[in-house]
Amino acid sequence: MRFRVLGPVCLEPRTPSAPKQRAVLATLLVRAGAVVPAGALFDELWPDGPPRTAATTLQVYVSHLRKALTQGGHGRGPLETRPPGYLLRVEPGELDLRRFEELLSRGRAAFRACDFVAASAELTQALALWSGPALSGVPQGEVLTAAAVRLDELRLEALELRLEADLRLGRHHEVTGELMELARAHPLREQLHCQLMEALRRAGRTTDALRAYSAVHRSLHDELGVTPGPALVRQHARVLSAHASEPVTAGATAAAVAAAPIGRPRAGSRRASGGPLPDVRVSRAHRR
């Protein structure tokens, strides 16, 4: 890959050292193939308002980028001046973001076709392109902040879909540890908790699954004032059904009691969705 945005912003063979120059590169990359107006770059570089020398300074940044992007310093490079701004041409295979989106699309298609082996493989390749939070290492204005949120959300979607494919393939033992770590990192993301509970249920660890439900139930109640959505409730019922057939122990009884409902759901805060383990992620609006 010549260009990388799925982690620290990088340019091969040498990444610009100036933070604002990297921000210009990143803004052009997230809109690769489209004209980015100079005004949008002003807003990205100077959120509190551009200085009087903004146009000249931006031209200097673009000139330095052009030199870095033109191999050998000769010929027509990929960074073009196109009124009212600039356009960065990216060839196939040069930008990790485009490769990720291709693999994610193929993974989705394979999953819809119930080819879970192919889905898991495609999505594993897609996730391997990531090396950290999207667009890290550069100052972010409105455009890059929105792009980073979108890309990190796509990464989580790919991760959840790959985990679901692995569960469909009976790989619950292999993904349980990963799901535990993810559930701790994303305490309000219900899809991950559904998948963790399902992996634990299939492994015969229903007491641990009930504890996992209790943890997410408490987090949703304490932080958002809501109760779990329909998918998580259905998953809880599946765990209770499996748990009922197991020998009763003091620890298991305590876990079941701890998972009892807390409070009342907020009216209109949930929508049901289809599928065995549907995506019922908490909306960002709830977090504000």
Side-chain angles (χ1 to χ4, degrees), residues 6-7 96-97 99-134 147-203 205 208-209 212-213 215-217 219-220 223-224 226 228-236 238-239 269-287:
L6 303 180
D96 60 354
L97 171 56
R99 177 62 175 159
F100 170 76
E101 290 174 333
E102 291 169 3
L103 290 166
L104 176 56
S105 178
R106 281 159 39 182
R108 286 170 176 155
F111 191 91
R112 286 194 298 268
C114 296
D115 187 350
F116 303 123
V117 172
S120 179
E122 298 284 4
L123 295 165
T124 297
Q125 289 185 62
L127 292 163
L129 294 169
W130 286 74
S131 58
V149 169
R150 182 182 74 85
L151 293 177
D152 286 335
E153 184 67 22
L154 282 177
R155 178 178 177 271
L156 280 171
E157 179 196 340
L159 185 56
E160 289 172 346
L161 197 59
R162 194 222 85 212
L163 288 162
E164 179 66 12
D166 286 341
L167 286 172
R168 301 291 182 93
L169 293 168
R171 298 172 179 170
H172 44 278
H173 290 294
E174 291 90 331
V175 301
T176 298
E178 182 181 6
L179 279 165
M180 286 181 168
E181 183 178 351
L182 288 167
R184 283 193 294 269
H186 303 279
L188 302 178
R189 201 167 181 96
E190 295 187 42
Q191 176 74 356
L192 290 172
H193 289 273
C194 275
Q195 292 173 323
L196 172 59
M197 291 172 65
E198 178 63 11
L200 291 168
R201 184 189 70 82
R202 293 186 185 184
R205 298 170 58 183
D208 289 333
Y213 178 79
V216 66
H217 197 302
S219 294
L220 291 167
E223 297 192 35
L224 302 178
V226 299
L232 199 51
V233 170
R234 288 194 296 270
Q235 184 61 43
H236 181 227
R238 282 194 287 269
V239 173
S269 65
R270 302 294 183 189
R271 292 181 297 176
S273 55
L277 287 179
D279 190 344
V280 286
R281 293 165 288 185
V282 175
S283 69
R284 296 186 180 279
H286 283 151
R287 301 189 186 189

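Keep in mind it's a predicted model, so treat the numbers as computed, not measured. Throughout, residue positions are numbered sequentially from 1 according to the sequence presented.
- Without hydrogens or angle criteria, Ser219 side chain to Ala215 main chain gives a donor-acceptor distance under 3.5 Å.
- Between Trp130 and Phe100, the ring planes are perpendicular. Angles over 60° get that label, and only those under 30° would be called parallel.
- Put simply, the side chain of Arg155 never gets that close to the backbone of Ala134: no donor and acceptor are under 3.5 Å apart.
- Residue Glu181 qualifies as open at atom CD: its count of foreign heavy atoms under 6.0 Å is 12 or below.
- A distance of 5.5 Å separates CG of Leu182 from CG of Leu192, quoted to the nearest 0.5 Å.
- The distance from the CG atom of Leu154 to the CG atom of Leu159 is 12.5 Å, given to the nearest 0.5 Å.
- Although no hydrogens or angles enter the test, the distance criterion places a donor-acceptor pair under 3.5 Å between the side chain of Thr124 and the main chain of Ser120.
- In this structure, CD in Glu190 is found 10.5 Å from CE in Met197, a value given to the nearest 0.5 Å.
- Between Leu103 and Leu129, the closest heavy-atom pair is CD1-CD1, 4.2 Å.
- In terms of heavy-atom proximity, Gly107 sits nearest to Ala119 at O-CB, 3.7 Å.
- Looking at every heavy atom in both residues, Leu123 comes nearest to Leu104 through CD2-CD1, 3.7 Å.
- Among all heavy-atom pairs drawn from Ala199 and Leu179, the shortest one is CB-CD1, 4.0 Å.
- Looking at heavy atoms from C-beta onward, Arg189 lies in side-chain contact with Glu160 at the 4.5 angstrom threshold.
- Glu174 places none of its side-chain heavy atoms less than 4.5 Å from the side chain of Asp166.
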Exercise for the section: With side chain to side chain contact (heavy atoms under 4.5 Å, CB included) as the test, would you mind laying out the steps for Leu232 and His217 before giving the verdict? Expected result: CA-CA 9 Å; Leu232 199 51; His217 197 302; over 6 Å; no
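- When the options Gln125, Glu178, Glu157 are evaluated for a side-chain contact (heavy atoms from CB on, under 4.5 Å) with Arg162, the one that passes is Glu178.
- When side chains are defined from C-beta on, Arg168 counts as touching Phe111, because their heavy atoms get closer than 4.5 Å.
- The shortest side-chain heavy-atom distance between Val239 and Leu200 does not fall under the 4.5 Å cut-off.
- The shortest distance between side-chain heavy atoms of Arg238 and Glu198 falls below 4.5 Å.
- Expressed to the nearest 0.5 Å, how far CZ of Arg201 lies from CG of Leu196 amounts to 13.0 Å.
- Here the CD atom belonging to Gln195 is positioned 5.5 Å from the CD atom belonging to Glu164, to the nearest 0.5 angstrom.
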Practice task
Applying side chain to side chain contact (heavy atoms under 4.5 Å, CB included), run through Gln235 and Tyr213 and close with a yes or a no.
Solution key: CA-CA 9 Å; Gln235 184 61 43; Tyr213 178 79; over 6 Å; no
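- Considering OG of Ser105 and CD of Glu102, their distance stands at 8.5 Å, rounded to 0.5 Å.
- Counting only N and O atoms by type, the side chains of Arg205 and Thr176 include no donor and acceptor under 3.5 Å apart.
- Shortest non-hydrogen contact noted between Ala203 and His172 is N-CD2, 3.9 Å.
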